[in-house]
Amino acid sequence: MTPAAGGSPADDIDEAVALLRAGGLVAFPTETVYGLGADAASPAAVERIFAVKGRPRDHPVIVHLHDAEAMDAWAARVPPPARQLAAAHWPGPLTLLVERSARVPDEVTGGRPTVGLRVPAHPLARRLLAAFGGGLAAPSANRFGKVSPTTAAHVRADLGGAVDLVLDGGPCTVGVESTIVDCTTVPPTVLRHGGITVQELVVTVVDGTTGPSRAPGMLESHYAPAAAVELATSAAAAADRAAALRRLGRAVEVLDPGPDAVAYARHLYEWLREADARRLDVLIVVPPPDDGIGVAVNERLRKAAGAR
Ligand code: TXA
Ligand code: MG
C-alpha cells in the first residue's frame, strides 16, 4: 500500500519520534530523496548512521530542521544571503552551509567548522520534524557509494533491518538531492547542483562545482549503479554504440527518456537501479538538455559515467 503524500498514520510518527529520542535510526521521505535520520544532538545516534551506511566518518551530514527560525540554534552566525535564501526557498530542496554553533556535535560535521542545514518540504518530513522538535541529521538512506533511494522500497532493499523504522511517503517528487550552497563565502558558492536551479536562487552565487571540491563525499562516484554508464550525444549515437556492444555479447540497454528534465530527475535513480536489477553490463544514457534541473541530472550522470 502506498500512502497518500504526507500520509502515514499518526502512530507511525509517534513511534518514529520515540525511536529517535532513544537514539534510533528512522528513514523518512523528503521531496528530493529518502534520508536516514538520527537525533542530530546525539553523537551516539549520529555515529550509528555512519556504521549502517558504511560511510567514512569525516563525511559531514546535513541537519534537517522544521523551519528557518531553528537555523540560529545550529549556526554561529547567519550571513544575510543565507537568511535571504532560507526565506525564499525553505521548505525546499536547498542546503545551506553556515558556521556551526557549539550545539553541533563533531560527528555531524566531520570536525569541520561549518554545518549543512535544510528545511525539507515533504509533508511527512515536516510532520516528523514538527513532532520531534529537534534537528535530524540525515544523509541519503543508501549504502555508501550507491544510488540514493527515492522510494521506501529502495531504502528497505539497501538498508533492510539495519534501520529501526522506514516511514513511507510514496515516491520522491524531485528525485535528485538538494542544491548545496556554501554561505560562508562572498558571494555564496554552489557546491552541488540539485533540486533548485542556480537561476531560481534569489541571491547571486558562484559555481564551485567545477573547481576542486570542498565537500568530502562529493568527489566519489556517489551515483553509480553496478553497470557501467556511458553517455551518448544523441539517440542515433546511443543506438550505434549499443549495437556494437551487443555484437561483443554484452548486456546493454539505452536510456533515452526525452527532453523533460523534471521527469528525468524524478526517475533517474529508479532507472539506474533497474539497470542493476536487469544485470546490465552497460547502460548507455542520452542526457537531458543542460539547463534547469537537467544540470543536476547531468552532474550525477557524469559521476556515474566516471565511476569506472
Ligand atoms: O537532498 C538531500 O540533500 C538529501 C536529503 C536526505 O536531505 N541528503 C543528502 O545527504 O543528499 P548526503 O549526506 O547524501 O549528501 C550531503 C552532502 C555530502 O556530499 C556532504 O559532504 C555535504 O553534503 N555536506 C554536508 N555538510 C557539509 C559541510 N558542513 N561542509 C561541506 N559539505 C557538507
Ligand atoms: Mg548521499
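What's counted below: heavy atoms across the whole structure, side chains too, no hydrogens, waters or symmetry copies. Atoms within a ligand are numbered from 1 in the order they appear, just like the ligands themselves.
- A 4.5 Å side-chain heavy-atom check between V203 and P188 finds at least one atom pair inside the cut-off.
- In terms of polar-atom proximity, E177 is not counted as a contact of ligand 1, lacking any N or O under 3.5 Å from an N or O of the ligand.
- Atoms of ligand 1 found under 4.0 Å from any heavy atom of R55, numbered from 1 in the order shown, are 12 (P), 13 (O), 14 (O).
- For H64, the closest heavy-atom approach to ligand 1 falls below 4.0 Å.
- Remark: ligand 1 and Y34 share no N or O pair separated by less than 3.5 Å (distance only, no angle test).
- Residue-ligand proximity, P139 to ligand 1, at heavy-atom distances under 4.0 Å covers atoms 10 (O), 12 (P), 13 (O).
- At a 3.5 angstrom cut-off on N or O pairs, S140 counts as close to ligand 1.
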| message | As a quick check of understanding, evaluate side chain to side chain contact (heavy atoms under 4.5 Å, CB included) for R112 and L97, giving each step before the final call. | response | CA-CA 11 Å; R112 298 173 154 248; L97 297 193; over 6 Å; no

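- For ligand 1, the atoms lying closer than 4.0 Å to a non-hydrogen atom of V115 are 29 (N).
- Evaluation of the side chain to side chain donor-acceptor pair (under 3.5 Å) rule for R118 yields T30, E31, T32 as partners, not counting sequence neighbours.
- Using a 4.0 Å cut-off to heavy atoms of R112, the atoms of ligand 1 that qualify are 30 (N), 31 (C).
- Taking 4.5 Å as the limit, some side-chain heavy atom of R127 sits within range of a side-chain heavy atom of L124.
- In summary, S140 places an N/O/S atom under 2.8 Å from the Mg ion (ligand 2), meeting the contact criterion.
- The aromatic ring centres of F144 and H59 sit less than 6.0 Å apart.
- Residue contacts with ligand 1 for R100 are absent, since no atom lies close enough (heavy atoms, distance under 4.0 Å).
- Assignment of H59 to the shell around ligand 1 is not supported, since no heavy atom sits closer than 4.0 Å.
- The side-chain contact (heavy atoms from CB on, under 4.5 Å) with P288 is formed by just one residue from the set I293, V295, L301, D260; it is L301.
- Among residues two or more places apart in sequence or in another chain, the ring-ring contact (aromatic ring centres under 6.0 Å, His included) test is passed with Y269 by none.
- If you check the side chains of R266 and T150, you find no donor sitting under 3.5 Å from an acceptor.
- For L97, the heavy-atom gap to ligand 1 drops under 4.0 angstrom.
- Neither the backbone nor the side chain of T109 comes within 4.0 Å of ligand 1, counting heavy atoms alone.
- For ligand 1, the polar-atom distance check finds an N/O of T114 within less than 3.5 Å of one of the ligand's N/O atoms.
- Inspection of the E177 and S148 side chains reveals an N or O donor paired with an N or O acceptor under 3.5 Å.
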